[in-house]
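These notes concern the structure reproduced below.
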Amino acid sequence: MKFDLDNFVGALPRIGEALLINAWMTAVVCLLSLAAGVALTILRSFKIAWLNAVCSVFISFIRGTPILVQIFLCYYALPALGLNLSATSAGILALTLNSAVFISEIFRGGLRSINEGQIEAATALGLRPAHIWWNVILPQLLRISLPLLVSESSIVLKATALLSVITVVEGLRVAQQIGAANFSPLEPFVAVAIGFVVLYLILTGIGQIAERRLALKVR
């Protein structure tokens with residue numbers, strides 16, 4: 001199969017536009033999963049037996065099943081339970097639940113790096129647990145975990161391509177459509193691969209800028 005430059009160039013505008021949807025979904029999932037990951041981390045810190053048991057079952061399920069299965073469950077199983085979601089919403093929900101678990105694990109490791117004396121001092125000053133988490137723990141936790149959070153966000157970016165299997169019209173789906181229409185899938189798939197690399201470089205670049213700014217603030 002020869003590479004047709006005209007087909008490649010012709011596919012770029014549509015694929016570029018579709019990849020904006022991948023970028024948008026990545027941003028939404030990262031924000032939602034960050035909030036959910038923080039909530040899950042806090043819940044696990046309470047050390048309530050039944051609550052930890054529920055969290056452990058949920059975490060084991062997410063970590064033990066392929067993300068593609070989780071996407072199918074959100075898309076096909078939730079309507080059977082009376083919760084009707086669009087393909088995009090179901091996909092975002094699946095990716096958010098998956099990423100939240102891994103972010104919680106990242107934060108769990110980061111908590112070990114925080115000096116417990118700071119928490120004891122904040123408690124002695126009369127700060128409420130909510131204030132301790134918001135003003136003492138979370139700022140340090142985010143700074144410590146930022147490199148791993150950037151890595152997790154890149155995983156989310158690549159995972160958005162899987163939503164093509166539930167008919168979400170994103171970059172990979174459009175590449176498939178163009179390839180089927182032209183009877184030449186090589187060029188659009190090369191185009192979408194390059195597009196994902198560009199998005200990845202932008203994402204990691206933003207992460208590096210954030211890391212440098214946080215390092216300057218610490219100094």
Side-chain angles (χ1 to χ4, degrees), residues 14-43 55 58-59 61-63 65-79 81-107 110 134 138-139 141-143 145-177 192-211 213-214:
R14 283 186 60 191
I15 289 177
E17 185 176 350
L19 283 170
L20 293 178
I21 297 175
N22 293 86
W24 170 78
M25 290 191 295
T26 300
V28 172
V29 170
C30 287
L31 290 173
L32 292 178
S33 60
L34 180 61
V38 168
L40 186 57
T41 302
I42 294 173
L43 288 176
C55 290
F58 173 68
I59 291 170
F61 175 80
I62 294 296
R63 296 186 69 177
T65 56
I67 189 170
L68 193 57
V69 172
Q70 297 163 25
I71 292 169
F72 281 136
L73 286 175
C74 286
Y75 185 59
Y76 291 111
L78 290 182
L81 300 175
L83 183 59
N84 294 311
L85 298 175
S86 66
T88 301
S89 297
I92 287 175
L93 176 61
L95 296 184
T96 297
L97 294 176
N98 182 277
S99 185
V101 164
F102 288 97
I103 287 176
S104 176
E105 291 296 296
I106 290 170
F107 285 161
W134 185 256
L138 284 181
L141 200 55
L142 290 172
R143 188 182 70 252
S145 305
L146 184 57
L148 291 176
L149 291 176
V150 173
S151 178
E152 175 62 22
S153 65
S154 70
I155 293 173
V156 170
L157 170 64
K158 290 177 283 188
T160 58
L162 295 175
L163 301 186
S164 62
V165 300
I166 56 172
T167 71
V168 175
V169 183
E170 44 69 61
L172 182 59
R173 181 78 173 181
V174 170
Q176 291 171 334
Q177 292 172 347
V192 79
I194 293 173
F196 270 107
V197 170
V198 171
L199 290 178
Y200 167 77
L201 292 175
I202 292 172
L203 184 59
T204 53
I206 293 172
Q208 290 172 357
I209 292 171
E211 286 182 46
R213 289 188 175 181
L214 283 176

[X] side, atom [atom1]; [Y] side, atom [atom2] - distance, nearest 0.5 Å:
X    : Y    : atom1 : atom2 : result
I15  : F196 : CD1   : CZ    : 10.0 Å
L172 : Q177 : CG    : CD    : 10.0 Å
L148 : F107 : CG    : CZ    : 10.0 Å
F102 : I59  : CZ    : CD1   : 10.0 Å
L95  : I155 : CG    : CD1   : 11.5 Å
I206 : S153 : CD1   : OG    : 9.0 Å

Contacts of type side-chain hydrogen bond (donor to acceptor under 3.5 Å, both in side chains), residue [X], not counting sequence neighbours:
X    : result
T204 : none
S99  : S33, E152
T167 : none
N22  : T160, E170

Check: With no hydrogens and no angle check, is any side-chain donor or acceptor of T41 less than 3.5 Å from a backbone partner on G37?
Finding: yes

query: Under the 3.5 angstrom rule, does the side chain of E211 hit a backbone N or O of L146 as a donor-acceptor pair?
result: no

Identify the heavy atoms of [X] and [Y] that sit nearest to each other, and give their distance.
X    : Y    : result
I166 : A87  : O-CB, 3.2 Å
L19  : G195 : CD1-CA, 3.4 Å
C55  : L40  : SG-CD1, 3.7 Å

4.5 Å side-chain heavy-atom contact, [X] and [Y]:
X    : Y    : value
E17  : V174 : no
L163 : M25  : yes
L78  : L93  : yes
L162 : F72  : no
Y75  : L85  : no

So side-chain hydrogen bond (donor to acceptor under 3.5 Å, both in side chains) across residues 86-95, not counting sequence neighbours, yields S86-S89

For R63, the salt bridge (Lys or Arg N to Asp or Glu O under 4.0 Å) test, sequence neighbours excluded, returns E105

Between F61 and the options V69, L73, V101, the side chain to side chain contact (heavy atoms under 4.5 Å, CB included) test singles out L73

Please evaluate residues N98 and I71 with respect to the criterion side-chain contact (heavy atoms from CB on, under 4.5 Å), reporting the C-alpha separation (whole Å), side-chain torsions for both, the decisive distance (0.1 Å), and the verdict.
CA-CA 10 Å; N98 182 277; I71 292 169; over 6 Å; no

